[in-house]
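These notes are about the structure you will find just below.
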Amino acid sequence: MKTFSIAIHGGAGTLVKGMMTPDLEAAYKSALKLALTEGYKVIENDGNAVKAVEVAVKYLEDSHLFNAGKGSVFTAAGTHEMDASIMDGKTLEAGAVSLITGIKNPVTLAKDVMEKSEHVFLAGEGAMEFAKQLDYKIEDDSYFYDEFRHNQWLEIKDTDSFQLDHSTKKDSKFGTVGAVACDKDGNIAAATSTGGMTNKKWGRVGDSPMIGSGNYANNKTCAVSCTGSGEFFIRAVVAYDVSCLMEHKGLSLKEASQEVVNKRLLEIKGDGGLIAVDANGNIAMPFNTEGMYRASKSSSGKEEISIYK
Ligand code: ASP
């Protein structure tokens with residue numbers, strides 16, 4: 001049987017080791033382990049890569065530890081605006097949503113855009129209208145309330161600064177989430193979900209819902225989910241660039257993702273990382289920050305759950 005695999009991330013950034021208590025580290029690792037195991041099970045039980053990445057991301061969205069779904073950061077208006085995307089490497093079909101509110105699992109709405117609409121990307125009020133037509137439950141603000149996130153926002157509220165979950169030294173808790181998977185048929189998929197930046201305004205949207213920037217999948221090359229300073233990831237078209245280096249330059253998954261994260265992104269001062277798989281089940285998880293919440297599991301027997309380098 002072909003090798004199958006899954007990799008997930010819960011955000012990359014400058015984690016200050018001293019801020020991380022053993023209890024917190026254990027909590028992160030167990031949240032990663034749960035999402036990894038549930039996603040892996042889907043493939044093990046003959047499910048496809050698209051379902052596996054959706055399931056893994058849903059578990060991460062349901063944890064208050066990560067900046068996606070339940071744990072989403074606060075906008076300048078004190079609300080939560082979430083973005084998510086998903087792509088099927090077999091068909092090149094994709095779905096994405098941005099600036100949505102009150103949705104427990106944005107990744108599922110992105111998947112519904114892919115499967116139940118004629119479109120790829122729905123935003124704001126329109127995306128919410130689509131969700132309502134599909135009878136999505138709209139969660140109360142209190143579902144997304146988290147004291148840590150709220151304090152993080154109070155510190156910069158009413159100022160012009162915004163804050164990537166990554167960038168603050170004091171922050172030991174951050175993280176856009178994502179998953180990539182290769183199933184038993186060698187089909188691959190990627191999904192990414194985020195609450196964006198603390199105190200963001202003007203309808204700011206990062207790379208996470210943008211196909212080609214924060215998320216991409218193509219059976220011919222790779223499936224990629226990114227995390228980091230979105231503005232740089234958009235400009236560098238990161239996820240598609242990894243695919244292009246493989247397709248047009250013949251680089252391996254590992255070489256291509258290293259080249260993008262540790263060379264091309266650094267050249268424009270972009271910080272972050274990505275997770276990637278290819279159709280042979282190979283996995284790469286490079287990052288140019290101090291750490292990246294990440295985990296991977298392969299049918300070859302390898303399992304990894306790590307935070308720091
Ligand atoms: N890339 C995300 C954004 O810019 C943030 C993150 O990865 O944490 O919205």
Side-chain angles (χ1 to χ4, degrees), residues 1-9 12 39 43 48-54 56-57 84-96 107 110-111 114 120-121 176 178-192 207-228 232-267 270 272-288 292 294 296-300 302:
M1 196 202 302
K2 284 177 66 112
T3 303
F4 57 92
S5 60
I6 183 164
I8 61 171
H9 71 77
I43 313 177
N48 66 21
V50 172
K51 188 72 200 164
V53 294
E54 184 203 6
V57 166
S85 60
I86 192 163
M87 186 160 183
D88 181 346
K90 181 182 170 190
T91 59
L92 299 187
E93 282 169 357
V107 69
K111 184 162 171 273
M114 173 168 85
V120 170
F121 201 158
T176 286
V180 292
C182 170
D183 64 27
K184 289 180 182 172
D185 296 320
N187 291 318
I188 59 177
T192 308
D207 60 311
S208 309
M210 293 188 191
I211 300 302
S213 294
N215 201 73
Y216 187 71
N218 185 339
N219 274 5
K220 274 206 283 190
T221 53
C222 57
V224 180
S225 169
C226 300
T227 170
F232 295 93
F233 280 69
I234 294 171
R235 285 189 238 150
V237 202
V238 167
Y240 187 59
D241 200 20
V242 176
S243 171
C244 282
L245 286 170
M246 292 177 72
E247 186 172 0
H248 304 301
K249 249 183 141 184
L251 265 55
S252 69
L253 180 80
K254 210 177 191 149
E255 291 164 347
S257 47
Q258 279 294 348
E259 161 95 15
V260 173
V261 171
N262 284 312
K263 191 156 174 275
R264 296 182 177 209
L265 255 180
L266 282 181
E267 278 166 8
L274 59 82
I275 52 169
V277 294
D278 65 18
N280 293 317
N282 294 310
I283 298 168
M285 303 194 286
F287 52 96
N288 63 29
M292 178 167 83
R294 63 196 185 280
S296 66
K297 189 175 166 84
S298 153
S299 59
S300 67
K302 258 180 97 188

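For the single chain, residues carry numbers from 1 onward in sequence order.
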Any donor-acceptor pair under 3.5 Å from N282 side chain to V277 backbone | no
Does K51 pair with E54 as a salt bridge, N-O distance under 4.0 Å?
-> yes
Quick one: pull up CE in M210 and CD1 in I234 and give me the separation to the nearest 0.5 Å.
-> 3.5 Å
Under 3.5 Å, is there a donor-acceptor pair between the side chain of D183 and the main chain of N48?
-> no
Working to the nearest 0.5 Å, report the span between CG of N218 and OG of S243.
-> 5.0 Å
Heavy-atom side-chain contact between R264 and L245 under 4.5 Å = yes
Has the side chain of S299 got a donor or acceptor atom that lies under 3.5 Å from a matching backbone atom of F4?
-> yes
Tightest non-hydrogen contact, residues A52 and A181, listed as CB-CB, 4.2 Å
Do you know which two heavy atoms are closest between A256 and M246, and how far apart they sit?
-> CB-CG, 3.6 Å
Quick one: closest heavy-atom pair of M285 and A7, and the distance?
-> SD-CB, 4.2 Å
Count the heavy atoms of every other residue, nucleotide or ligand shown that sit under 6.0 Å from NZ of K220, and state whether that count exceeds 12.
-> no
For atom NZ of K184, is the number of surrounding heavy atoms from other residues, nucleotides or ligands below 6.0 Å larger than 12?
-> yes
First locate atom NZ of K2, then atom CG of N280, and finally report the distance between them rounded to the nearest 0.5 Å.
-> 5.5 Å
Among all residues two or more places apart in sequence or in another chain, which pass the side chain to side chain donor-acceptor pair (under 3.5 Å) test with S5?
-> none
Interatomic distance, M292 atom CE to T176 atom OG1 [nearest 0.5 angstrom] | 12.0 Å
Looking at side-chain heavy atoms only, is the closest gap between L265 and F233 below 4.5 Å?
-> yes
Which atoms form the tightest heavy-atom contact between H9 and T227, and what is the distance?
-> CE1-CB, 3.5 Å
Please examine the side chains of V50 and K111, heavy atoms only from C-beta on, and report whether any two atoms are closer than 4.5 Å.
-> yes
Check whether any side-chain heavy atom of S298 lies under 4.5 Å from a side-chain heavy atom of T3, and answer yes or no.
-> yes
Please check if any side-chain donor atom of T192 sits under 3.5 Å from a side-chain acceptor atom of S208, or the reverse.
-> no
Does the side chain of L251 come within less than 4.5 Å of Q258's, by heavy atoms?
-> no
Kindly say whether N219 contributes a backbone atom to a donor-acceptor pair with the side chain of N187 at under 3.5 angstrom?
-> no
d(S225 OG, I275 CD1) to nearest 0.5 Å is 4.5 Å
Compare every heavy atom of S85 with every heavy atom of N215, then report the nearest pair and how far apart it is.
-> CB-OG, 3.2 Å
Salt bridge (charged side-chain N to carboxylate O under 4.0 Å, His left out): pairs with one or both residues in residues 86-96, sequence neighbours excluded = none
Could you pull out all residues at least two apart from S257 that satisfy side-chain contact (heavy atoms from CB on, under 4.5 Å)?
-> V242, L274, A284, P286
Considering all heavy atoms, the nearest V180-A223 contact | CG1-O, 3.4 Å
Roughly how far apart are D278 CG and C222 SG, rounded to 0.5 Å?
-> 8.0 Å
